[in-house]
A.B. asks: 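First, the structure itself, so that you have it in front of you.
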Amino acid sequence: MAVLANPRLVSELEHYGAQDVVKCYHCGNCTAACPFSREPFIFPRKSMRFLQMGLEDKLRGNLEPWLCYYCGECSEQCPREAEPGETMMAMRRWLTGQYDFTGISKLFYRSWKVELFAILLVALLTGIGFFLYGSSRGDIGIYDGPGAFLPSSMVHWFDWGMAAVLAGLLLVNCVRMWWFTTGRDRTLHIPLSSYVQKAWLLPVHFFTQKRYRECNRKRPWLIHLVLMLSYVTMLVLIMFFLHAMQSGPAIRWTAHVFGYAATIGLLGTVAFALRGRVRSVETHYRHSHETDWMFLIMLAYVALTGIVQHVLHRAGNAPAANVVYLAHLMGVVPMLVLEVPFSKWAHMAYRPLAMYFAEVQTEAITAREKDRAAIRAAGSQPA
Amino acid sequence: MISESRIGVYFCRRSSSPAGQADLAELSRYAAAFPHVTDVKDFGELPHLDPEALTREFTKLRLTTVVIAGDSPGFFKPAFARALAEADGDPERVRLASFREHGALYGNITERAKAVLCCAIYGVPYGLATVPDTTPVHPDTLVVGGGIAGMQAALEIADGGMKVYLVEREPTIGGHMAMFDKTFPTLDCAACILTPKMVSVGQHEMIELMTWSEVEKVSGTPGAYRVQVRRKARYVDADACVACHACMEVCPIRVDSEFDSGITTRKAIYIPFPQAVPNSYILDAANCTYVQSERQKCGACLKRCAKDCIHFDDVDQVIELEVGNIILATGYDVFDATRIERYGYGHLPNVLTALEFERLTNASGPTGGNIVMKTKKLNKRTKQEEWVFDPEGPRPESIAIIHCVGSRDANYNPYCSRVCCMYSLKFAHLVKEKLPNAKCYEYYIDMRAFGKGYEDFFERIKDEGVFVVRGRSAKVTEKDGGLLLRGEDILSDKVMEFPVDMVLLAVGLEPAPGTGELASVLGIPRDEDGWFQELDYNTDPTGTERGGVYVAGVCQGPKDIPDTVAQASAVAARVLRSIVSHRGQDSRSSLPLAQIESRARRLAGV
Ligand SMILES: Cc1cc2nc3c(=O)[nH]c(=O)nc-3n(C[C@H](O)[C@H](O)[C@H](O)COP(=O)(O)OP(=O)(O)OC[C@H]3O[C@@H](n4cnc5c(N)ncnc54)[C@H](O)[C@@H]3O)c2cc1C
Ligand code: SF4
Ligand code: SF4
Ligand code: SF4
Ligand code: SF4
């Protein structure tokens, strides 16, 4: 069966940051050098080939970009400077766009102006909404308790509402991911039991990022893990303990200590990543897509405004704390609304899922190979 | 017709090129002054050309002709050709003003670039408008480098009855070919072809051989060069020495043998190999105890030499030559494999370079042609364990050959070295011939079997049971005392690991050390990879920027022996022509811009 090629695929991926794909001459050095590449998922060379040949559909069903952690080993050894590591990164961006059914993701990746505009728009709407709400029911001079400008109960409900919508969007995208990479492949017979048996892999990969550790350099893994755990801690605090977080002005150590730890984790890793991208020495920081910058800058903005509103609140300056809190929300909401389902944050879901699917597929692929071998053996026997 | 043309001149630069040295602002003004030039633009470095925007522009300007100007501007041609075609123009009328390729590299670069641009605007081949004037010629010729290229050229000219000085830096002529056992694809015995040629060169009455010598200075003009050659002290009278080996037998010093690529040792007084020409010993002063101790210790060889031909008071001599033509045939050096750490060369004893293997498999080499593994042995004299190739040592059961070592690699040399695929196949054949039961793997990216009979040779090697793996091996490590080779076989999409006993690295070719110095002594350019720049790749691959200076063999770019010999003979023909006709070629750069312009106008019929 022939496969339809898309001759414009290479130039399409250029928008996602893959600049040098055509240079690849398929020596396979990268694949042999990649610490993550192993049967039956052998990469990155083959993905480079899919791209060069315009095999869009194959690429869409490709799990391999998610199995790559951008350790940069391949790019360093590539004799053609084809930047296979960066290409894998670009493919992840492209895949995020493919999984997203709304098409918003594609818009963002292809034009940073659109993304910036969307961020500003959502920020503005958030600001206006909360301001109208606050000034109609509360008093800008009160931070928490009765009459508060932005009462935690209201923000809490808002958070849950937003979370439900985002989770819904993300879930649809995840299902699409499953369909493209696993579900639609008729040659793979994956029993339901296999999905259930391997389900434990999801939380394990999510929380430990253990595969990343197989990289020769441990530092990127550590940074990534700290960033992710800090982020998740923050999310849990906000979703479940917002009331405790926002009460004051006295410090509530039982809740706040986690907040402090997470903030330090976030700021530290963001600073590290920003420094890396500015210096752009290490392979995985050498190329930066606009979305990478926006992601880091937003994260830094949210963390900093969060600290300031917290400090102002503790210092007893409620009006100022309220204003900064509003500014903080104007950062948080666009970050979550736009990044989680449509942009860089989505990989928090896609990556563990990919590993899970890969694991499930491996079993089915092995079984398939065995069947085929048996059929071949039977066929070669005299009747 | 030029009178109806509407020409757009566009400057484009490739980041890798050192160009931009030409003054583009001045060149733009120069181009704009031509009556038919409608548009001039500088697109800058590695421009991202949008054919649609270009098409709109060309349509608006009603362009008939486009000139792309810069170093290697052909790189940008497709976008312009497409745009011109879509703007209802003739894509054939995209012309290139190739600065670097036409020698706008040295001297007054902008002036030269103007001449190139002018010819492109008029649509006149640059070579045609710039045929240099002729000069009188001195009948003697200098050949630099005594490899197969230099010997071939020298013999052709000397056989034509003209005097040749052959300057060779090493103690003997022969070059790399002298180290080989067999040559691909015919599997002829290399020595059987080469030795008679070497002997002829040594005995020819019209060839004055100067080995252990180097060119220091060149002055004068095309057709009348004055050359200063330094004849280094040899300490052995080459004419008197009969190569009786007596001195060598008593010399206590051992150093790595250059001729044997370091797989064995030689003495401080030595002859590179038994068939060396001149067939004489030479003393390596840097390693001789007598010289280094200021004549206090040793001196054993001096006492043993029956012919009295060892002279410790020998000194360098500077010799002045007058010649009409100079032929450069300085060949190559191989890539230094220690630069790629992951192949383990230098610390894994059984990872060898190609030249080491040539010596190992050579019937007159240190193991008598036995392919053996390097093993540890006790050196009785120093009482230390050493890794040596013992002729009786263990034979490898499996050998892997890695192609493209240092070649086709942006981190090292981006070009293809052109001979290593074929010599690797030759190696595989030699392995199969000498060790029929050994497994042999070739790890290649693309098999460049381009020459006559080469594809057949490739097929033959596959029939002999050699495994060819398409992929570049990523690394060599030690495992269970043997070697483990890891790489992807891209045809089966599998990462393979082969345990082998020996790994051969098909190291690429690089310009011989000193090529840069020689180029500046002569005032000729080198290409981006460091080889001597030929005058015109298509129409004058043997000439250079300077009149009367020619290139032959690998020093102009990697090539095999047949091509080397062909080029050397071609050069000889050109030299003989100039001598016979008493008309040599002046340098192209001798033509002033105004003259090139007027010639271009005449040729264009303006
Ligand atoms: C491992 C290996 C195997 C090969 N096998 C084959 C084969 O089987 N068949 C084949 O066709 N080709 C083969 N080749 C290619 C072949 O070696 C070349 O085509 C050929 O040797 C080129 O000859 P040359 O005279 O240009 O250069 P060289 O052989 O390098 O000779 C150059 C000479 O110039 C001298 N010299 C250098 N600089 C100076 C200086 N500044 N002043 C004075 N003298 C100087 C050098 O000492 C040397 O003697 C092989 C190459 C390698 C590396
Ligand atoms: S190492 Fe580079 S050239 Fe080789 S296959 Fe990988 S990407 Fe392509
Ligand atoms: S960046 Fe690292 S993990 Fe990703 S493909 Fe390259 S070598 Fe493998
Ligand atoms: S004098 Fe020098 S060359 Fe002669 S035998 Fe002694 S060390 Fe060797
Ligand atoms: S000749 Fe073959 S081995 Fe040598 S550089 Fe070219 S492709 Fe590589």
Side-chain angles (χ1 to χ4, degrees), chain A residues 7-8 10-11 14-15 17-50 52-53 55 58 62 64 67 71-86 216 283 286 365-366 369 372, chain B residues 14-16 46 48-52 75 78-79 335 339-343 400 402-417 421 442-448 468-477 484-498 506 508:
Chain A
R8 294 198 180 270
V10 170
S11 36
E14 270 178 21
H15 295 289
Q19 299 298 337
D20 302 295
V21 192
V22 290
K23 289 190 190 161
C24 166
Y25 63 16
H26 300 281
C27 66
N29 212 354
C30 48
T31 305
C34 174
F36 297 103
S37 163
R38 71 188 65 117
E39 293 288 338
F41 299 98
I42 296 291
F43 57 92
R45 186 200 58 78
K46 204 171 54 185
S47 300
M48 302 286 282
R49 187 72 184 158
F50 287 166
Q52 284 182 341
M53 292 288 99
L55 304 184
K58 280 229 177 235
N62 193 357
E64 287 160 6
L67 306 181
C71 64
E73 205 78 40
C74 54
S75 289
E76 272 160 42
Q77 287 197 16
C78 171
R80 298 280 299 161
E81 292 177 347
E83 302 288 355
E86 185 57 26
N216 296 342
T283 315
R286 219 162 46 215
I365 291 172
T366 325
E369 297 300 306
R372 285 184 181 169
Chain B
R14 293 181 61 183
S15 61
S16 60
L46 268 189
H48 199 84
L49 297 165
D50 175 1
E52 281 155 31
F75 188 76
F335 174 80
R339 289 174 63 195
I340 307 184
E341 271 172 42
R342 48 179 208 280
Y343 289 155
I402 302 179
H403 285 221
C404 299
V405 176
S407 308
R408 304 181 68 198
D409 189 329
N411 304 308
Y412 307 101
N413 294 320
Y415 55 85
C416 164
S417 293
C421 274
E442 296 251 1
Y443 249 104
Y444 73 102
I445 309 176
D446 299 286
M447 193 60 82
R448 305 230 153 139
V468 285
V469 186
R470 195 182 182 293
R472 184 195 185 93
S473 169
K475 77 177 169 214
V476 180
T477 45
L484 191 72
L485 200 80
R486 186 183 159 87
E488 186 185 2
D489 171 33
I490 73 158
L491 298 182
S492 68
D493 250 332
K494 297 254 183 283
V495 173
M496 307 283 229
E497 286 191 333
F498 293 113

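These numbers were taken from a predicted model, which means no experiment stands behind them. The figures here come from the full heavy-atom set of this structure, side chains too, leaving out hydrogens, waters and symmetry mates.
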A.B. asks: Regarding A:His26 and B:Glu488, is there a side-chain donor-to-acceptor distance under 3.5 Å anywhere?
C.D. replies: no
A.B. asks: For B:Lys475, does the NZ atom sit with more than 12 other heavy atoms under 6.0 Å from it, leaving out its own atoms?
C.D. replies: no
A.B. asks: Between B:Arg470 and B:Asp446, does at least one N-O distance fall below 4.0 Å, as a salt bridge requires?
C.D. replies: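 Yes.
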A.B. asks: Test side chain to side chain contact (heavy atoms under 4.5 Å, CB included) on A:Phe41 and A:Phe36 and set out the steps.
C.D. replies: CA-CA 9 Å; A:Phe41 299 98; A:Phe36 297 103; over 6 Å; no
A.B. asks: For A:Cys34, which atoms come within 4.5 Å of any heavy atom of chain B: side chain, backbone, both, or neither?
C.D. replies: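 Just its backbone gets close to chain B.
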A.B. asks: Charged N to carboxylate O under 4.0 angstrom, A:Glu39 versus B:Lys494?
C.D. replies: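 Yes, A:Glu39 and B:Lys494 are salt-bridged.
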A.B. asks: For each of B:Glu497, B:Arg342, B:Met496, tally heavy-atom pairs with chain A at distances under 4.5 Å, and name the one with the top tally.
C.D. replies: B:Arg342
A.B. asks: Within a radius of less than 6.0 Å around CZ of A:Arg38, do more than 12 heavy atoms belonging to other residues, nucleotides or ligands occur?
C.D. replies: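 For A:Arg38, atom CZ is crowded (more than 12 foreign heavy atoms under 6.0 Å).
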A.B. asks: Is it the backbone or the side chain of A:Cys30 that comes under 4.5 Å from a heavy atom of chain B, or both, or neither?
C.D. replies: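 Nothing of A:Cys30, per the 4.5 Å heavy-atom cut-off to chain B.
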A.B. asks: Counting heavy-atom pairs under 4.5 Å to chain A, which of B:Gly487, B:Gly471, B:Ala474 comes out on top?
C.D. replies: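 Most heavy-atom pairs under 4.5 Å with chain A: B:Ala474.
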A.B. asks: Can you tell me which portion of B:His48 sits under 4.5 Å from chain A's heavy atoms? Options are side chain, backbone, both or neither.
C.D. replies: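 The side chain, not the backbone.
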A.B. asks: Does any heavy atom of chain B fall under 4.5 Å from the side chain of A:Glu73, the backbone, both, or neither of them?
C.D. replies: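 When you check distances to chain B, no heavy atom of A:Glu73 falls under 4.5 Å.
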A.B. asks: Determine the option with the most heavy-atom pairs under 4.5 angstrom with chain A, choosing from B:Asn411, B:Ile490, B:Val495.
C.D. replies: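 Ranked by contacts with chain A, first place is B:Ile490.
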